[in-house]
Amino acid sequence: MKLYYDLHTHTVWSDGELEPGSLVASAAAAGVRVLALTDHDTMAGVDEAACAARHCGIQLIPGVELSVAWQGLTVHVVGLGLDAGNARLRQALAAVRETRIERGRAMAAALAAAGLLGAQSVLERPGIVSRVHVADWLVAHGHAPDRARAFKRFLTRGMPAYVVAQWPDLTAGVDSIRGAGGCAVLAHPIRYRLSGGRLEQLVRAFTEAGGVALEVVTAGLDAGEIGRLARLARRYALHASVGSDFHKALPWRLRPGGLPELPGDCRPVWDGWPGIVSREIA
Ligand code: AMP
Ligand code: MN
Ligand code: MN
Ligand code: MN
């Protein structure tokens, strides 16, 4: 079964492996007809992606995945249909870029204090600086066997190079998305590992901030989890989104768009968007 919407993907401008043009081409080849590029905290890849999408005959939704803080946790909010030229959004993204550079510097300093010198080279990349790039540096220099273990040994809470980042808070993040004409979607709600009650608190705060959708279908969820998210979306009168969170081809995320369909009783986030190819026609 083909999926026509994939509204959560990454490129080299954040922590993905593909250039925007290659992402769009592989999404189109996988049957995606409406693709959102949602790099972490940057829209630098959107122009190239839009150009490639015109070439492939698919629709590109300009997006971003914002890192925000909620009650001491890092939460991800996907913004869809954004005006990349919006001044307030640009300012917000520039501020997060600085936050990421400062955190990168602090992670490199922490590693140097532990005797692992040279990680500040990751600050020179053109895209945003992520823990993923520090993890890859650790692997490339023989300090960890693979990315997962680099995270586990150095880069997660309680480990030597874990540095808390001061993300904008949830309300500010949703505001910058709304101010730029976009829809705010709470990304991968299951991945925060919250209890049922805490997840509801988060969803309530997100709704009150002006969020409009939950990411109900994303990679790695089983049918039970998808059903639970669909019910949660209904309870809070939220729409539902679909996104692979594609970073690179892995066995369980083979390609952008390789996902189950939204349950029939969900209201898709793209309902009412202008110019959207309908599932029947596509
Ligand atoms: P950052 O936003 O810089 O804190 O980096 C978070 C990113 O790292 C996420 O978007 C994931 O793509 C990736 N990530 C998080 N945890 C892990 C992990 N344990 N192993 C591999 N990648 C991870
Ligand atoms: Mn990522
Ligand atoms: Mn995320
Ligand atoms: Mn993502």
Side-chain angles (χ1 to χ4, degrees), residues 5-20 23 26-27 32 35-46 49 61-70 73-80 82 93 96-97 99-100 103-104 107 122 125 127-139 146-148 150-152 155-157 162 165 167-168 170 173-174 177 182-194 199 202-203 206 211 213-221 225 229 241-250 252-259 269:
Y5 296 84
D6 189 340
L7 303 179
H8 184 160
T9 62
H10 296 275
T11 71
V12 291
W13 287 99
S14 64
D15 56 356
E17 279 190 359
L18 301 184
E19 299 283 344
L23 171 75
S26 58
V32 174
L35 174 75
L37 173 57
T38 59
D39 272 316
H40 296 284
D41 303 311
T42 179
M43 294 185 74
V46 164
I61 307 292
V64 76
E65 181 177 16
L66 287 184
S67 311
V68 301
W70 176 74
L73 289 176
T74 297
V75 168
H76 287 173
V77 178
V78 162
L80 298 174
L82 298 164
L93 295 180
V96 180
R97 184 183 175 81
T99 298
R100 284 184 167 278
R103 182 182 62 155
M107 289 191 284
V122 303
R125 69 186 312 279
I128 60 119
V129 178
S130 160
R131 280 185 293 164
V132 168
H133 307 116
V134 178
D136 289 351
W137 179 89
L138 285 162
V139 173
D146 53 45
R147 199 188 263 181
F151 263 87
K152 202 166 174 190
L155 298 168
T156 50
R157 198 181 286 273
Y162 179 73
W167 307 123
L170 175 68
V174 172
I177 289 169
C183 297
V185 181
L186 184 64
H188 44 62
I190 302 269
R191 224 180 293 159
Y192 309 118
R193 297 166 190 261
L194 301 174
L199 180 56
L202 170 59
V203 170
F206 173 72
L214 288 192
E215 200 170 70
V216 167
V217 172
T218 189
L221 299 187
E225 291 167 318
L229 290 174
S241 190
V242 174
S244 62
D245 200 5
F246 178 86
H247 287 74
K248 61 175 177 173
L250 290 172
W252 61 94
R253 294 179 200 184
L254 273 177
R255 48 183 195 159
L259 289 172
V269 67

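Remember, it's 1-based here, ligands and their atoms both numbered in the order they're listed.
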### Task
Kindly indicate, with the supporting measurements, whether the criterion side chain to side chain donor-acceptor pair (under 3.5 Å) is fulfilled by S244 and D6.
CA-CA 6 Å; S244 62; D6 189 340; 2.6 Å; yes
### Task
Please say which of H133, H8, H10 ends up in a ring pair (Phe, Tyr, Trp, His ring centres under 6.0 Å) with H40.
H10
### Query
Relative to the Mn ion (ligand 4), how many protein N, O or S atoms have a separation of less than 2.8 Å?
4
### Message
Closer than 3.5 angstrom, by distance alone: can the side chain of T38 be matched with the main-chain N or O of T9 as a donor-acceptor pair?
### Response
yes
### Message
Among the N, O or S atoms of D15, which one sits nearest to the Mn ion (ligand 2)?
### Response
OD2
### Message
Once rounded to the nearest 0.5 Å, what's the spacing between atom CG of D15 and atom CD of E65?
### Response
8.0 Å
### Query
Looking only at heavy atoms, which two atoms of G104 and V129 are closest? And how far apart?
CA-CG1, 4.3 Å
### Task
Please identify each residue that fulfils side-chain contact (heavy atoms from CB on, under 4.5 Å) with T99, with sequence neighbours left out.
A165, W167
